[in-house]
Protein chains: 2
Amino acid sequence: MTVTIKDVARLANVAPSTVSRVIADSPRISEETKQKVKDAMEQLGYHPNLNARNLASKSTQTIGLVMPSSKDVGFQNPFFPTVLQGISEGAQEKNYALHMTTGKSEKEILEAVIHMVQGRRVDGVVLLTSRVEDQVVSYLRTRKFPFVLIGKPYKDIEEITHVDNDNVRAMKEATDYLIQLGHQQIAFIGGTKELIVTVDRQDGYEKALQEADIPVKGEYIVHEEFLREGGQEAVRELMALKKPPTALVVADDFMALGVLNTLDELGIRVPDDISIVSFNNVLLAEMAKPPLTSVDINIFELGYQASKNLIQLVENEKEPTKRLIISHRLVERSSCTELNTARIGKDLI
Amino acid sequence: MTVTIKDVARLANVAPSTVSRVIADSPRISEETKQKVKDAMEQLGYHPNLNARNLASKSTQTIGLVMPSSKDVGFQNPFFPTVLQGISEGAQEKNYALHMTTGKSEKEILEAVIHMVQGRRVDGVVLLTSRVEDQVVSYLRTRKFPFVLIGKPYKDIEEITHVDNDNVRAMKEATDYLIQLGHQQIAFIGGTKELIVTVDRQDGYEKALQEADIPVKGEYIVHEEFLREGGQEAVRELMALKKPPTALVVADDFMALGVLNTLDELGIRVPDDISIVSFNNVLLAEMAKPPLTSVDINIFELGYQASKNLIQLVENEKEPTKRLIISHRLVERSSCTELNTARIGKDLI
DNA sequence: TTGAAAGCGCTAACAA
DNA sequence: TTGTTAGCGCTTTCAA
């Protein structure tokens, strides 16, 4: 029924091992027999059984993907399809396949990872999230199993290959941009502090202020726990301050969309009344009203480098630990404006 | 180094096959030895090698996922993360793993599918898209390989297990809703006609009009090829008609966001000047300005039923072909309003 | 350059 | 209820 290497060998009049060599494109085989074998494979419609191959060769040519908990609303974020594309591209280039794990809780995810690692289904793993205390990370480290992290490790940075943006700098630049436009009252809206990316971006925000001698105020820093309801409240409070911000840096486009909404309900116009710089530059940023000035963090590249470097790690034991920093750039659209002191002056006259 | 079934057998003083039976949780084994074996496994930290198991048992307990071309902008659509969650949940419940394929072109995708099917990496396949002439579908059919399609097959409907919404009815209801609000000039904005879902939704739109004795006008039907630029133009043309529509049905939330944008640029207010009903009800619909009235098509359930039924198909040869219709419901928000004939009257006076 | 043969780690008859 | 014994389809020494 199924055609095996033996069938091919018989038809080509060679030994099974020869066929195997042809498949592996071994150099020490004559062009002649190589062709003979290829013809036979063609004729029989032969396809190698990857399970058998994996078993014998102890390698799978597939990389495992660890997604964030599917309970996370963040899962809906267009960030994920985009990294996935990048990862997929990097994998395809080296003929690696992709194996996915998900789960509703951290516990389920860890179990799924163990299953796929111990079950020898994958040669390496890409982690799509880095939480503060990540059990998956510690598991992989103690097993010395190859993995790369997208984002920044919470600890042991020097020992974990990861691909990340320079989020501190990126956010500093975004904030600087607003400062240059004349803004002084700039608020920060980010996600949960459990995500390292949030911490980094907040850092950058604070750095920019400090450098410009603008005091960092606690009431100007907001962490939206939920993408939606939570955010509304926070933005309202922010705008209800005696001295409301004239500009906002938001750590994610998706969040920014929610912010935009709330502002609209409050009758606050963007950018006329308030400026916004957001992050990630997904398609959404372009489609928002107004189109958002956003920091492009090159999501695709993040994924691409992750799988590419994971494969290097898998194929070469000696590969050094790496830290890959993907470039970013501010994409200007219509959500920011100069703080028009002239106009304010005029109004006062 | 690696602990195998033999090591466990030796430690537990039984035969390897006995260990294998314990793993499979065979009923005909004494509680006593079962426990003995389990202890041994625990003690040695044993984990079955899935490749070996797959090879011997000729089954993989994993299902393959065929994603749409990563070139598609549609890939960015939040639809995908959400179906993925559903698929993943259905798979986890039965302890199936997920194997992904993607590709930049139809050709690459087909190759990837062949590789994973012939390579015996998966027991069945879920197709996330149904194009008009789908090579993947024909390939799987001729190989008699189990698969289920999310969406509606282009042909041989009776012979392909698929899970879909009743898109015709759903769109008819959406259109009826607008008609009941007094609208007569209703335009349709959909994606490429290559997607069967577009065709169905357009059908439902036309049916609703016909039933209400409203003529179907060609200039009221628009197919946006691209999510962004293309759409802008189309919407402009639509609104430039001598008799512009007073309401829009849009086949996708993401698209609707773009439409909303263009309308805003044109100074047309929603819902005051024009009403919009959109489709899919992803998070975006809620976050748009104004929040979109959208038809919830239960994306998660689409995925969940797909993997659940695929597994049934895989585990039972005799499983009949099925057509699963997932329910939908109109979620009212703020993008529609009654066509105020009174006001129009007033304006005329 | 090629072949013979011994596994890879597991499952599944068939026996006992 | 348990053990024996062939494989599953491939890779990879080792020998020729």
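We name chains A, B, ... by the order of the sequence lines, and we start the count at 1 in each one.
- In this model, a side-chain donor or acceptor of B/Arg21 finds a partner on the base of D/dG3 within 3.5 Å.
- When rounded to the nearest whole Å, the span between CZ of B/Arg10 and P of C/dC10 equals 12 Å.
- Atom P of nucleotide D/dG3 and atom CD1 of B/Ile5 are separated by 13 Å, given to the nearest angstrom.
- Distance alone, capped at 3.5 Å, is enough to place a donor-acceptor pair between the A/Asn165 side chain and the A/Ile297 backbone.
- Across the protein-nucleic acid pair, A/Asn49 atom CG and D/dC8 atom P stand 11 Å apart, rounded to whole Å.
- Per the geometry, CG belonging to A/Asn54 stands 14 Å off C1' belonging to C/dC10, to the nearest Å.
- When the C1' atom of D/dC8 is taken as reference, atom CG of A/Asp7 falls 14 Å away, rounded to whole Å.
- Contact annotation for A/Val19: no contact, since no heavy-atom pair falls under 4.0 Å across all strands.
- Between B/Glu32 and A/Arg53, the residue whose closest nucleotide on DNA chain D is further toward the 5' end is B/Glu32.
- Look at B/Arg323 and B/Glu158 and you find no salt bridge, because none of the NZ, NE, NH1 or NH2 atoms lies under 4.0 Å from a carboxylate O.
- Both B/Ile23 and A/Ala15 lie close to DNA chain C; mapped to their nearest nucleotides by heavy-atom distance, the more 5′-ward contact belongs to A/Ala15.
- In terms of phosphate contacts, B/Thr18 brings a side-chain nitrogen or oxygen within less than 4.0 Å of OP1 or OP2 of D/dG3.
- A donor and an acceptor atom sit less than 3.5 Å apart, one in the side chain of B/Ser17 and one in the base of D/dT4.
- One interatomic measurement links the two molecules: CG of B/Asn13 to P of D/dG3, which rounds to 9 Å at whole-angstrom precision.
- Counting all heavy atoms, side chain and backbone alike, B/Met100 lies closest to B/Thr102 at CE-CG2, 3.7 Å.
- With rounding to whole Å, B/Lys36 atom NZ is found 12 Å from D/dG3 atom C1'.
- For A/Arg28 against D/dT12, no side-chain N or O and base N or O form a donor-acceptor pair under 3.5 Å.
- Ion pair B/Glu32/B/Lys36 not flagged as a salt bridge, since none of the NZ, NE, NH1 or NH2 atoms sits closer than 4.0 Å to an Asp/Glu carboxylate oxygen.
- The side chain of A/Thr33 contributes no N or O atom lying less than 4.0 Å from OP1 or OP2 of C/dT1.
- The heavy-atom pair separating A/Arg120 from A/Thr60 by the smallest distance is O-CG2, 3.2 Å.
- Checked against D/dG7, D/dG9, C/dT2, the side chain of B/Ala56 finds its nearest nucleotide in D/dG7.
- Summarising the geometry, the separation between CG on A/Leu55 and P on D/dG7 is reported as 17 Å, rounded to the nearest angstrom.
- Side-chain nitrogen and oxygen atoms of B/Ser57 include none within less than 4.0 Å of the OP1 or OP2 phosphate oxygen of C/dA12.
- Looking at A/Lys104 and B/Glu89, a side-chain N of the basic residue comes within less than 4.0 Å of a carboxylate O on the acidic one, giving a salt bridge.
- Nearest-nucleotide mapping onto DNA chain C: of A/Pro27 and A/Pro16, the residue sitting toward the 5' end is A/Pro27.
- Phosphate contact (OP1/OP2 of D/dG9, side-chain N/O of A/Thr2, threshold under 4.0 Å): present.
- Between A/Ser20 and D/dC10 there is no side-chain polar atom (N or O) within less than 4.0 angstrom of OP1 or OP2.
- Residue-level contact check: A/Lys6 touches neither bases nor backbone, having no heavy atom under 4.0 Å from any strand.
- For B/Lys58 and D/dG9, the shortest distance from a side-chain N or O to OP1 or OP2 is below 4.0 Å.
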